[in-house]
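Read the structure below first, then the notes.
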Amino acid sequence: QVQLVESGGGLAQAGTSLRLSCTVSGRTISSAAVGWFRQVPGEERDFVGAITRRGTIHYADFVKGRFTISRDNAKNTVYLQLNSLKPADTAEYYCGVGLRGDSSAYPSSSASYDYWGQGTQVTVSS
């Protein structure tokens, strides 16, 4: 059974940073695509960034160098570093694991991911 646990969210002031963690059990992350998405109530889940099984990293256009994804294979954890936070970044952040061959081919699609964590809330105040 694959399980994902996100952590690191919280309340932050605009311009500051947070680091989110996605710890995976039941599957080695180096053999999967791991993506980060975010969602606000009443809206669709939006792609933030992803790291493919080969280690290629993709970001949504809105990230614009503010966010960084990294992977620690020894800890089976993927991180999302959020810098220069804005109130518009307020959302529930989710990580997903994609195990299929096409998961890494279409990392920005939520349909590419087979398992999801419970989410971690990020709230940015102005």
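Residue numbers count from 1 along this sequence.
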- [ ] Give the cluster check for Leu4 versus Ile29: same hydrophobic cluster or not, with ILVMFWY residues linked at side-chain heavy-atom distances below 4.5 Å.
- [x] yes
TODO: Determine, using the 4.5 Å side-chain heavy-atom cutoff (strictly less than), whether Val48 and Tyr79 are members of one ILVMFWY cluster.
DONE: no
Open item on the list: I'd like to know whether the aromatic ring centres of Phe47 and Tyr59 sit less than 6.0 Å apart in this structure.
Closed with: no
Task: Same cluster (ILVMFWY, side-chain, under 4.5 Å), Phe37 and Val78 - done: no
Task: Arg66 versus Asp89, closest heavy-atom pair with distance - done: NH1-OD2, 2.8 Å
Task: Considering all heavy atoms, the nearest Gly9-Val122 contact - done: CA-CG2, 4.1 Å
Open item on the list: Looking at every heavy atom in both Glu6 and Tyr93, which two are closest together, and how far apart are they?
Closed with: OE2-O, 4.0 Å
Task: Separation of Gln39 CD from Tyr94 OH (nearest 0.5 Å) - done: 5.5 Å
Task: For Gln121 against Thr90, the heavy-atom pair lying closest together - done: NE2-CG2, 3.9 Å
Task: Separation of Glu44 CD from Ser110 OG (nearest 0.5 Å) - done: 8.0 Å
Task: Side-chain donor or acceptor of Ser109 paired with backbone N/O of Tyr106 under 3.5 Å - done: no
TODO: Name all pairs fulfilling the salt bridge (Lys or Arg N to Asp or Glu O under 4.0 Å) condition that reach into residues 113-126, sequence neighbours left out, sorted by first residue then second.
DONE: Arg100-Asp114
Open item on the list: If I compare all heavy atoms of Gly35 with all of Ala50, which pair ends up nearest, and what's the gap?
Closed with: CA-CB, 3.7 Å
Open item on the list: For Ile57 versus Ile69, what's the shortest heavy-atom pair and its separation?
Closed with: CD1-O, 3.3 Å
TODO: Supply the atom-to-atom distance Leu82 CG to Leu18 CG, rounded to the nearest 0.5 angstrom.
DONE: 6.0 Å
Open item on the list: If I take atom CG from residue Leu85 and atom OG from residue Ser125, how far apart are they, to the nearest 0.5 angstrom?
Closed with: 10.0 Å
TODO: Find the distance between SG (Cys95) and CG (Leu80) and round it off to the nearest 0.5 Å.
DONE: 10.0 Å
- [ ] I would like to know whether Ser30 and Asn73 meet side chain to side chain donor-acceptor pair (under 3.5 Å); could you show each step before the answer?
- [x] CA-CA 7 Å; Ser30 59; Asn73 291 337; 4.8 Å; no
Open item on the list: Is there a side chain to side chain contact (heavy atoms under 4.5 Å, CB included) between His58 and Ile51? Walk through the geometry before answering.
Closed with: CA-CA 6 Å; His58 303 264; Ile51 181 166; over 6 Å; no
Open item on the list: So that I know where these two stand, are Trp36 and Phe67 an aromatic pair - ring centroids less than 6.0 Å apart?
Closed with: no
Task: Separation of Leu99 CG from Tyr115 OH (nearest 0.5 Å) - done: 6.0 Å
Sequence neighbours left out, cut at 3.5 Å: what donor-acceptor pairs do the side chains of residues 19-28 make with other protein atoms?
from, atom 1, to, atom 2, distance (Å)
Thr23, OG1, Thr77, OG1, 3.0
Arg27, NE, Ser31, OG, 3.1

